Structure formats: structure tokens, C-alpha cells
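Everything on this sheet refers to the single structure shown next.
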2 protein chains.
Amino acid sequence: MKGNKSSNDAKWTETEASTWIGLVQAQQSLIEKVEEELKKKGFPALSWYDVLWELERVENGMLRLNDLGKRVLLDKYNVTRLAQRLEEEGLVERGQCPNDGRGRTASITQKGRKLRKKMWPVYERVVRENFLCKFNKKELKEFKNFIERIQASGLS
Amino acid sequence: MKGNKSSNDAKWTETEASTWIGLVQAQQSLIEKVEEELKKKGFPALSWYDVLWELERVENGMLRLNDLGKRVLLDKYNVTRLAQRLEEEGLVERGQCPNDGRGRTASITQKGRKLRKKMWPVYERVVRENFLCKFNKKELKEFKNFIERIQASGLS
DNA sequence: TATTAATAGTTGCAATTGCAACTATAGTGG
DNA sequence: CCACTATAGTTGCAATTGCAACTATTAATA
């Protein structure tokens with residue numbers, strides 16, 4: 001069975017390789033910069049921000065852990081624990097889901113809202129200066145279009 | 001000092017927000033898919049692959065830990081430990097750096113090369129099917145161009 | 001060259017993450 | 001209503017990561 005399908009060493013073009021690597025590294029280093037800046041200013045990690053933001057976005061500042069997890073791309077066990085930590089800091093309150101006996105809810109507190117608000121300028125600044133500012137409106141739309149193509153197959 | 005600069009709540013446009021979020025989520029879910037697929041096939045994590053690949057790329061399959069770390073975007077303590085684990089599995093050998101008494105080297109073994117080669121098709125397939133295949137040549141170049149703009153400010 | 005500063009790497013400890021097993025509740029078909 | 005399956009969430013344990021302190025060596029400089 002020698003000389004079978006060459007599925008074994010599919011080569012990438014230079015452009016393919018560097019685009020993929022570039023995508024990974026660019027995003028990674030952007031996130032790193034955000035984290036670094038947040039820490040430098042004494043704020044908690046980005047994942048905390050994400051959760052607070054998702055909660056603040058929704059109607060009554062409350063979500064089921066399950067839904068929350070989907071929005072922030074976290075596995076359920078991580079949601080459980082992140083919510084615990086946030087509650088310990090008084091940024092979030094957990095409760096029972098009214099309809100569903102299994103469900104737990106997390107709702108953002110005043111303190112949580114305040115913190116998120118203070119974190120935002122730091123976050124926003126890093127992303128603007130290292131990413132958004134590199135594109136004009138038209139380009140940003142093109143970029144968005146590209147991104148959306150990737151996501152299309154990425155929805156769970 | 002009320003009514004000061006509105007640096008506090010810089011708003012993003014819809015496009016800005018969804019492009020940024022999209023970028024983060026798209027990349028994250030791509031990586032996740034790769035990891036998932038690797039694990040499903042019984043392979044080690046992507047970070048192992050990255051290290052093996054960087055070693056295989058270079059002339060004599062050997063790099064200083066320091067250089068290696070820069071290439072795979074890992075902090076030094078993580079490089080140390082990843083190299084240890086790889087050595088324990090016989091995928092890498094560590095040695096002394098000839099010129100510099102402080103330096104340690106890592107070099108890929110035959111076993112390491114073999115493993116990387118086996119991992120590649122899995123990795124390549126996920127990236128092709130979920131990312132590369134969404135773009136034709138011209139588009140990919142545009143995408144690459146966009147990415148490079150972000151990286152421009154991102155080199156340490 | 002003695003002193004000091006910088007670089008490379010390692011390690012202990014704490015925080016985070018991932019996996020797998022577990023509890024509790026909901027939904028479904030008989 | 002009962003058995004069975006699926007879903008939501010939690011938890012113990014192991015692996016990984018991050019931080020900070022530490023050693024060893026090199027580079028810089030007075």
C-alpha cells in the first residue's frame with residue numbers, strides 16, 4: 001500500500017501559511033496586550049470583563065449560566081467557577097432559575113457595573129491603538145466580512 | 001472637575017465592535033477545533049506541535065530556549081517546562097549552548113519529527129476546512145495584508 | 001579587574017483550566 | 001406513573017499557566 005493518497009503532506013502555499021500563523025499570532029498578542037494593560041492598572045482579567053459585559057448587555061442584567069457560557073465561549077465547568085469567583089468579589093449574584101429547577105442564574109451587581117465601566121477605557125484603548133486604528137471604515141467592513149466567513153461554520 | 005474629557009466611555013461603532021469580537025471568537029473557535037481534533041486522534045496539544053515545528057524548521061533542528069520562546073509566543077517559564085515535558089516523551093533533547101553558558105538548547109529527535117509529521121494532516125485539515133477554504137487566492141492575500149497591519153505594531 | 005546591571009533559565013506556589021465522574025432536574029415514551 | 005435519556009450544573013483531581021523569587025552567567029563600566 002505504498003504511494004497511496006498524498007493526503008499525508010498537504011503543502012500550504014506561503015500565503016496560506018503566513019495568513020494562518022499571522023491570524024493566530026496577531027490575535028494572541030492583542031489579547032496579551034489587553035491583559036497586560038488591565039493587570040498593570042490593577043484590574044482583573046479579561047474573562048471577568050467579558051462576563052460582566054454580557055450580563056450588563058442583557059435586559060435585566062441576568063443570564064442563566066448556560067447561556068452565559070455560550071456567549072463567552074467557556075465550558076460549563078469554567079462558567080460555574082468564574083461565576084463563583086465573581087460572586088465572592090460581589091460583582092455578581094447567583095440565584096435559582098424560576099422555570100427550570102436545574103438552572104442557575106448570574107446577575108450583575110452595582111459593584112459589577114461600576115467595575116466594568118472602569119475597565120472599559122483600558123480595554124478600548126488597547127484595541128483601538130493596536131487594531132481598530134489600522135483600518136478605515138471601508139477596510140474595517142471588508143475585514144468584518146472576512147471574519148464572518150470564518151464564523152459561519154464556527155457556530156456551535 | 002465634572003464634565004471632563006469623555007475619554008471615559010468611548011463608544012464603538014457596530015462594525016468596530018463586531019469585527020473585534022468576531023476576530024477574537026473566530027480565532028478562538030478555530031484553535032479549539034484543532035485542539036479537539038488532535039485530542040480525538042490521540043495526539044498531544046497544539047503547543048507541542050508548534051514547538052516541534054519550529055525546531056524542525058531550523059537548520060539543525062535545534063534552538064535556544066529563548067529563541068524558541070519568542071517564536072511560539074511563550075513566556076520563558078513555560079518554555080522551560082514545555083521543553084521538559086517534550087524531553088520526557090523523547091520528542092526533544094536538551095543540551096548546553098556552546099557559546100553561552102547560560103543558554104540551553106532544545107533539539108528535535110527522530111521521534112519528534114515522526115510525531116509532528118503525523119499530527120500535520122489533522123491540523124492542516126481543520127484549518128483548511130474551517131478557514132482557508134473560505135477564501136480564494138486574491139482574498140487570502142487581502143486578508144493577509146490586513147493581518148500584517150495588526151502585526152506591524154505587535155512585534156516585541 | 002571589581003562592581004553592577006542585564007540576560008537566560010529554573011523553580012515553588014497559587015490560580016486557572018480540562019477532564020471525568022457525579023447530582024439533580026427535565027423531558028419522553030411506554 | 002415508571003423507566004430512560006438528556007440537560008444544567010457542580011466538584012475532585014490532574015495538568016497547565018502565571019507570578020515572583022532565585023541561580024548562574026554574561027555584558028557593561030568605572
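So that the names make sense, note that chain A is the first sequence line, chain B the second, and so on, each numbered from 1. Keep in mind it's a predicted model, so treat the numbers as computed, not measured.
Tyr123(A) and Trp53(A) share no donor-acceptor pair across their side chains, judged by distance under 3.5 Å alone. For Asn66(B) and Lys76(B), the side-chain atoms include no donor-acceptor pair closer than 3.5 Å.
Atom C1' of nucleotide dA6(C) and atom CZ of Arg102(B) are separated by 8 Å, given to the nearest angstrom. Distance Ile31(A) CD1 to dT17(D) P: 17 Å, rounded to the nearest Å. A straight line from CH2 of Trp48(A) to P of dT17(C) spans 11 Å, rounded to a whole angstrom. For the pair Glu35(B) CD and dA15(D) P, the interatomic distance rounds to 17 Å; values are reported in whole Å. Here dA8(C) presents its P atom at 16 Å from CG of Leu74(B), a figure rounded to the nearest Å. Across the protein-nucleic acid pair, Asp67(B) atom CG and dT7(C) atom C1' stand 12 Å apart, rounded to whole Å. dT17(C) atom P lies 12 Å from atom CG of Asp50(A), rounded to whole Å. Atom C1' of nucleotide dT11(C) and atom CG of Asp75(B) are separated by 15 Å, given to the nearest angstrom.
For Phe131(B) and Phe143(B), the distance between ring centers is under 6.0 angstrom.
DNA chain C is contacted by both Asn99(A) and Leu65(B); Leu65(B) maps to the nucleotide lying nearer its 5′ end (nearest heavy atom per residue).
The stretch residues 76-91 of chain A comes close to DNA chain C through Tyr77(A), Asn78(A), Arg81(A), Arg85(A), each having a heavy atom under 4.0 Å from the strand.
With dG9(D), dA26(C), dG18(D) as the candidates, the nucleotide lying closest to the side chain of Arg104(A) is dG9(D). Here the nucleotide nearest the side chain of Asn66(B), chosen from dG9(C), dT25(D), dT10(D), is dG9(C).
Within a 6.0 Å radius of CD in Glu93(A), other residues, nucleotides and ligands contribute 12 heavy atoms or fewer.
At distances below 3.5 Å, at least one donor-acceptor pair connects side-chain atoms of Arg149(A) with backbone N or O atoms of Lys134(B).
Salt-bridge check for Glu148(B) with Lys144(B): passed, with a basic side-chain N closer than 4.0 Å to an acidic carboxylate O. A salt bridge does not link Asp50(A) to Arg71(A): none of the charged side-chain nitrogens sits closer than 4.0 Å to a carboxylate oxygen.
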